[in-house]
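Worth saying up front: this structure is predicted, and the values here are computed from it rather than measured. Hydrogens, waters and symmetry mates are skipped; everything else that's a heavy atom, side chains included, is used.
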Amino acid sequence: MLVVFRPFQIGDRVETGPVAGTMREINLFFTEIDSDDNTRVVIPNGKLWGEIVRVPSRNDTARMELFLARPANDDVDGAIARLQGILREEDRVLRIAAIGIHELGDDKYTLTAQFWVPRHEAAKLRLDLNRTIKDEFDRKSAVTMERHAG
């Protein structure tokens, strides 16, 4: 059935069960995937046909989600504005879907941002944004501490 219907193709990124990687071969009896840790995984087609298979490489964009823990006494509106500003300045962010409080705790709250990016940029962009966000919030904390000290 996989050979006839071709729900995925050689080169597609696929995710099924515990396996995620790049499709390398589809024949009558089995399918081969190079996993993310560069291990060749051989899956019998009968098993693969009965599983849910995600094929994220078929779409050009991906929704990313970032989480940012903040102290409970931190200004929520200010934190949201800074996070929104960082995302708006980033050319690889195509659209911001939502920014808000994801979770409340006794001593902290967690902001979340959901946004759309080109799929091929997602992994690098996550690393870049984490660094930019940390630097911005560290800079803001340093300015606040200077004001309270002076």
Practice problem: Check the pair R63, Q114 against side chain to side chain contact (heavy atoms under 4.5 Å, CB included), reporting the backbone distance first and the verdict last. | Solution: CA-CA 7 Å; R63 191 188 80 179; Q114 299 168 342; 4.0 Å; yes
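By the criterion of side-chain heavy atoms lying less than 4.5 angstrom apart, applied directly or through intervening Ile, Leu, Val, Met, Phe, Trp or Tyr residues, L87 is not grouped with L94; the two fall into different hydrophobic clusters. In the hydrophobic cluster analysis, where Ile, Leu, Val, Met, Phe, Trp and Tyr join through side-chain heavy atoms closer than 4.5 angstrom, L104 is grouped together with L111. Using a 4.5 Å cut-off between side-chain heavy atoms of Ile, Leu, Val, Met, Phe, Trp and Tyr, with links allowed through other members, V76 and F67 fall into different hydrophobic clusters.
Remark: side-chain polar atoms of D107 are not paired, donor with acceptor, to backbone N or O of A72 under 3.5 angstrom. Under the 3.5 Å distance criterion, the side-chain polar atoms of D12 are left unmatched by any main-chain donor or acceptor of V14.
In this structure, CD1 in I86 is found 7.0 Å from OG1 in T132, a value given to the nearest 0.5 Å. A distance of 11.5 Å separates CG in L68 from CG in L129, rounded to the nearest 0.5 Å. Summarising the geometry, atom CG belonging to L83 is positioned 10.0 Å from atom CD belonging to E136; distances are rounded to the nearest 0.5 Å. Note that the CZ atom of F30 and the CD1 atom of I43 stand 11.5 Å from one another [nearest 0.5 Å].
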Without placing hydrogens or testing angles, list every side-chain donor-acceptor pair under 3.5 Å for residues 115-124, not counting sequence neighbours.
residue: R119; atom: NE; partner: P56; partner atom: O; Å: 2.6
residue: R119; atom: NE; partner: N59; partner atom: O; Å: 3.0
residue: R119; atom: NH2; partner: P56; partner atom: O; Å: 3.3
residue: R119; atom: NH2; partner: T61; partner atom: O; Å: 2.9
residue: K124; atom: NZ; partner: D128; partner atom: OD1; Å: 2.8
residue: K124; atom: NZ; partner: D128; partner atom: OD2; Å: 3.0

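Among residue pairs with one or both ends in residues 73-83, those qualifying as salt bridge (charged side-chain N to carboxylate O under 4.0 Å, His left out) are R70-D74; sequence neighbours excluded. Pairs engaging residues 40-55 under the salt bridge (charged side-chain N to carboxylate O under 4.0 Å, His left out) rule: E15-R54, E32-R40, D34-R40, K47-E51 [sequence neighbours left out].
Between T112 and I99 there is no side-chain heavy-atom pair separated by less than 4.5 Å. The side-chain heavy atoms of R24 and I33, taken from C-beta on, include no pair separated by under 4.5 Å. Residues R88 and V93 form no side-chain contact, since every pair of their non-hydrogen atoms from C-beta on lies 4.5 Å or further apart. By the 4.5 Å heavy-atom criterion applied to side chains, R126 and M64 are counted as neighbours. Looking only at side-chain heavy atoms (C-beta outward), N130 and L66 come within less than 4.5 Å of each other. T16 has its side chain out of reach of F8: every pair of non-hydrogen atoms, C-beta onward, lies at least 4.5 Å apart.
The minimum heavy-atom distance linking Y109 with A79 is given by the pair OH-CB, 3.6 Å.
With sequence neighbours excluded, the residues satisfying side-chain hydrogen bond (donor to acceptor under 3.5 Å, both in side chains) with D135 are R131. Residues meeting the side-chain hydrogen bond (donor to acceptor under 3.5 Å, both in side chains) test with Q84, sequence neighbours left out: none. Here D37 pairs with S35, T39 under the side-chain hydrogen bond (donor to acceptor under 3.5 Å, both in side chains) rule; sequence neighbours left out.
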